[in-house]
2 protein chains.
Amino acid sequence: MAAKNRENGSQPTINDVARVASVSKKTVSRVINGSPLLNDDTRKRVQEVIKDLGYVPNPQARALALRRNFLIGLVHDNPNAQTVLKVQQGILEAIRDTEFELVVRPVDRGMVNMLEDIRQFLERQRLFGVVLMPPISENDSLAELCRQIGCRYVRMGSAELDQPGNMVASNDREAVRDAIRYLIEQGHSRIGFVSGPHGFRSALERRLGFEEALEQADLKLPRSMIADGNYTFDSGLLAAERLLDLSPRPTAIFASNDEMATGVLQAARRRGMDVPKDLSIVGFDDTPIASHIWPPLTTVRWPIATMARSAALKLTVSVTEGEQEVDEPSMFLSTLIRRGSVAPPPRD
Amino acid sequence: MAAKNRENGSQPTINDVARVASVSKKTVSRVINGSPLLNDDTRKRVQEVIKDLGYVPNPQARALALRRNFLIGLVHDNPNAQTVLKVQQGILEAIRDTEFELVVRPVDRGMVNMLEDIRQFLERQRLFGVVLMPPISENDSLAELCRQIGCRYVRMGSAELDQPGNMVASNDREAVRDAIRYLIEQGHSRIGFVSGPHGFRSALERRLGFEEALEQADLKLPRSMIADGNYTFDSGLLAAERLLDLSPRPTAIFASNDEMATGVLQAARRRGMDVPKDLSIVGFDDTPIASHIWPPLTTVRWPIATMARSAALKLTVSVTEGEQEVDEPSMFLSTLIRRGSVAPPPRD
DNA sequence: TTGTATGCGTTATCAT
DNA sequence: ATGATAACGCATACAA
C-alpha cells in the first residue's frame with residue numbers, strides 16, 4: 001500500500017499534489033473541478049502547489065472515471081474543402097486554451113451502415129459532444145441517435161431544424177432573396193439558377209429564396225431557367241452550358257455556391273463571353289476563390305466559421321463557464337458582398 | 001468483491017467476455033492484443049464470445065493503462081486550406097477502419113512559446129504519434145522534442161530532413177527544374193520566379209530547382225527576375241506586378257505555389273494581358289483551383305495526400321500489422337501537369 | 001469542510 | 001498456457 005509517489009521524470013499526478021499540499025486526493029480533485037464547498041485557504045494552498053508542480057490532470061484518467069472524453073468530434077460529409085476547414089477553424093478557436101481537442105470524422109454519405117458507423121464512433125470514443133456539419137447535419141436520424149446515446153450535439157444548417165440549444169442556422173433563403181433582388185434592381189429579368197443537390201436543405205432554401213424573389217417582383221420564368229447542380233465545379237459548368245444554350249439566354253446566373261459559380265464563369269469564358277458585360281454571376285459562400293478569380297465574384301457571405309465557433313461554444317461553454325450559460329445565438333445572417341461579376345444586362 | 005458484471009444497457013466490458021468465456025480478464029486481453037502464447041482453442045473460444053457480445057475494448061481504459069492514446073495528431077501551421085485538408089484526408093484514409101482517430105492541432109508559428117505549447121499537447125494527450133506538416137515540420141527542435149518525450153513522429157517536407165522512418169519527402173527541386181526546362185523548351189528565356197517565404201525549406205528547394213535549370217541551360221537572368229512571395233494570393237499578385245514592371249519583362253512566370261500563380265494571373269488580367277499568349281504561367285501544388293481558373297494552370301502536381309497517407313502508415317502500420325513492417329516509401333515524386341497556361345513566348 | 005474506500009476498464013507483474 | 005492481483009490517475013459515495 002506504500003504509495004510510490006515521487007517524481008521520476010514523468011508528469012506529477014494528483015497524488016503528488018495531495019502529498020505536497022498535505023491534503024487528500026479528493027480535495028485536490030475538488031479544487032480542479034471548482035467545487036464550491038471548499039475552504040478558501042486550502043483552495044489557495046492547493047492551487048499554489050498545482051502551479052509549482054506544473055500539474056495538469058491526466059485526460060485519459062479523467063475520461064475513464066467520468067466515462068466521457070474531453071474531445072469534440074466533427075462529423076461531416078461535406079465535399080468542399082474550404083468549408084470544412086473554416087468549420088474546423090471556428091471550432092478550434094472556440095476550444096483554444098481549453099482542455100478540449102478536436103477529432104475529425106468524415107463519413108460516407110453513400111454507406112448503408114453510416115449511422116451505425118457513427119454510433120460506434122461516438123460510443124467508443126465517448127465524445128464530449130459533436131458538431132454536425134451540413135449536409136449530414138440535416139439527417140434527423142443522426143440527431144436522434146445522438147440523443148439516444150447521450151452525446152451532446154449541435155447541428156449546423158441552413159434552417160432551424162432543431163431547438164436552439166442544438167442548432168446554429170443561417171438564413172439562406174432571405175440571403176438569396178436579397179441577392180436576386182439586387183440582380184433585378186440591376187435590370188435583369190432573365191435570371192438563371194444553378195441549384196444544389198437534391199435532398200440538401202441548403203439547396204432547397206436557396207432555391208426557395210430565388211423563387212420568392214421572382215414572385216415578389218412578379219417575374220415569371222420558364223422552368224428551364226433552373227438547372228441542377230451538385231455543388232461541384234463541374235456541375236456548375238455543365239449547368240451553365242445548359243442555361244447558356246437557352247434562347248433567349250439568361251443575362252444573369254445565380255449559382256448556389258461559389259464553386260459552381262466558378263464553373264459558370266468558366267463556361268462563359270469558353271464561349272468568349274465577357275463577365276459581367278455579357279453575363280452577370282452571383283455565387284454563395286464567399287470562399288477565398290471568390291475574390292481570387294477574375295472578375296471578383298459577387299457572392300453571399302456565409303458566416304460558416306462563426307457558426308462553427310458558436311456551435312462549439314454551445315457544446316462546451318456551460319462546462320467551462322460554470323452555469324453562466326452564455327447564450328450563443330442560433331441564427332446567423334448571410335450578407336451580399338458586391339464585387340465585379342455583376343453589371344446591368346446587355347442591351348438587346 | 002462480488003463482481004457486478006451483467007449487461008445493463010451499456011457496452012460489454014472485458015469482464016463480461018471473461019465471464020462468458022470462462023477465462024480470466026488477462027486471457028481476453030491477450031486475445032485482443034494478439035499475444036503469441038495462447039492456446040488456439042481458447043483464442044477461438046474467446047474470439048467467438050467477443051463477437052457474440054459485440055465487445056470492443058474501451059479506448060479510454062486502454063489509454064490509461066498503456067499510458068498512450070490511440071490518437072494521431074496533426075500538427076501544422078500551413079496557411080493553405082486545400083493542402084491541410086488533403087493531408088487530413090490522406091491520414092484519415094490510412095487509419096480508416098483502425099482504432100486510431102485523428103486530432104488536429106494548428107499552431108501559431110509566431111508564438112514564442114509554441115514549442116512548449118506543442119509539448120503540452122503531446123504529453124497531455126499522450127498521442128500515439130504525430131504527423132508534422134510543412135512548414136513547421138522543418139523545425140528540427142520540434143523533431144527533437146518529439147524524440148525527447150518519446151512521441152513517434154513523421155515529418156512531411158520538401159527534402160530529406162530526417163531518417164526515412166521519420167520522413168516523407170517530395171522532390172521539389174527536381175520537379176521545379178523540370179518545369180523550368182519545359183518553359184525553356186517552349187522558347188522562353190526571360191522567366192520570372194515568385195518565391196515562397198524565407199525560411200521555408202520548400203521555398204528554398206523550389207528556388208534551387210529554378211536556378212539549376214537556368215544554369216544547365218546557360219541562361220543568366222538578372223536578380224530582379226526573382227520576386228519574393230509568401231505563398232498567399234496577394235503576395236503572388238504583388239510579386240507579379242513587380243515582375244511585369246520590368247523592362248524587358250518576363251515572358252513566363254513560375255510561381256512557387258498555385259495560390260500565388262493565381263495571383264500572377266490576376267495581375268496579368270489587370271493589365272489586360274492575355275495568358276498564355278502574352279505571358280505563360282506555371283504553378284506548384286495542383287490544387288483544385290488550378291484547373292478551375294481560366295486558362296487552366298500548368299502546374300507541378302505535389303502528391304501531398306499520398307505523402308500524408310504514407311506518413312500515417314509509417315506511424316501506425318508496425319502496430320496494426322504486427323512486425324511485418326511494410327516499408328512505406330519516404331520519397332514521393334512530383335510531376336508536371338501541362339494545361340493551358342503555357343505557350344511559346346510572343347514574338348517581339 | 002475534508003478524508004476513505006471503491007470503481008472506471010484495461011494492461012502488467014508475477015506467480016502457477 | 002493461464003490466472004490472481006496490482007497498477008494506471010482520477011472521480012464518486014459515503015463517512016467523519
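Model, not experiment: these values are computed from the prediction.
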Trainee: In this structure, are over 12 heavy atoms from other groups packed under 6.0 Å from Glu116(A) atom CD?
Mentor: yes
Trainee: Taking 4.0 Å as the cut-off, does a side-chain nitrogen or oxygen of Ser24(B) come that near to OP1 or OP2 on dG3(D)?
Mentor: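 Looking at the OP1 and OP2 atoms of dG3(D), one of them is under 4.0 Å from a side-chain N or O of Ser24(B).
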Trainee: In whole angstrom, give the distance that lies between atom CD of Gln125(B) and atom C1' of dG9(D).
Mentor: 15 Å
Trainee: Across nucleotides 11-16 of chain C, 5' to 3', mark each nucleotide with B, S or - according to how protein heavy atoms within less than 4.0 Å reach it.
Mentor: BB----
Trainee: Any luck finding a side-chain donor-acceptor pair between Asn58(B) and Arg67(A) under 3.5 Å?
Mentor: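 Per modelled atom types, Asn58(B) and Arg67(A) side chains form no pair under 3.5 Å.
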Trainee: If you measure from the Lys or Arg side-chain nitrogens to the Asp or Glu carboxylate oxygens, is any gap between Arg96(B) and Asp117(A) under 4.0 Å?
Mentor: no
Trainee: Rounded to whole angstrom units, what separation is found between the CZ atom of Arg43(B) and the C1' atom of dT2(D)?
Mentor: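 Rounded to whole Å, this separation is 13 Å.
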Trainee: Rounded off to whole Å, could you give me the CD-to-P distance for the Gln60(A) and dC10(D) pair?
Mentor: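 Atom CD in Gln60(A) sits about 10 Å away from atom P in dC10(D).
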Trainee: Run the salt-bridge test on Arg155(B) and Asp140(B) with the 4.0 Å N-O cut-off and return the result as yes or no.
Mentor: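 Salt bridge flag = yes for Asp140(B) with Arg155(B).
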Trainee: Check the phosphate of dA1(D) against Thr42(B), side-chain N and O only, distance under 4.0 Å to OP1 or OP2. Yes or no?
Mentor: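 Result: no.
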Trainee: Given the ring of Tyr153(B), does Arg147(B) sit roughly above its face, with NZ or CZ under 6.0 Å from the centre of the six-membered ring and within 45° of the axis?
Mentor: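 Not flagged: Arg147(B) not positioned over aromatic ring of Tyr153(B).
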Trainee: From the set dT1(C), dT2(D), dC10(D), return the single nucleotide nearest to any side-chain atom of Thr27(B).
Mentor: dT2(D)
Trainee: Can you check the Arg19(B) CZ to dG9(C) P distance for me, whole Å?
Mentor: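 After rounding, the gap between these two atoms is 13 Å.
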Trainee: Check whether Asp16(B) reaches the backbone of Thr13(B) with its side chain - one donor and one acceptor, N or O, closer than 3.5 Å.
Mentor: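 Yes, Asp16(B) side chain to Thr13(B) backbone: donor-acceptor pair under 3.5 Å.
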Trainee: Just the rounded figure in Å: distance from C1' of dC8(C) to CG of Leu64(A).
Mentor: 4 Å
Trainee: Expressed in angstrom and rounded to an integer, what is the separation of Asn58(A) atom CG from dG9(D) atom P?
Mentor: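 Spelled out: CG on Asn58(A) to P on dG9(D) is 7 Å.
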Trainee: Give me the atom names and distance for the closest heavy-atom approach of Asn78(B) to Pro134(B).
Mentor: ND2-O, 3.0 Å
Trainee: With heavy-atom distances below 4.5 Å as the criterion, would you say the side chains of Glu99(A) and Val56(A) are in contact?
Mentor: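 With C-beta onward as the side chain, the pair stays apart.
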Trainee: What is the separation between atom CZ on Phe70(A) and atom P on dA11(D), rounded to the nearest whole Å?
Mentor: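 Between P of dA11(D) and CZ of Phe70(A): 8 Å.
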Trainee: Grab the CG-C1' distance between Asn15(A) and dG3(C) for me, whole Å please.
Mentor: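 To the nearest whole Å, that distance equals 14 Å.
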Trainee: Taking 4.0 angstrom as the limit, do Lys314(B) and Glu328(B) come out as a salt bridge?
Mentor: no
Trainee: Please report the end-to-end axis angle for the helix from dT1(C)-dA16(D) to dT16(C)-dA1(D), five pairs per end, rounded to 10 degrees.
Mentor: 40°
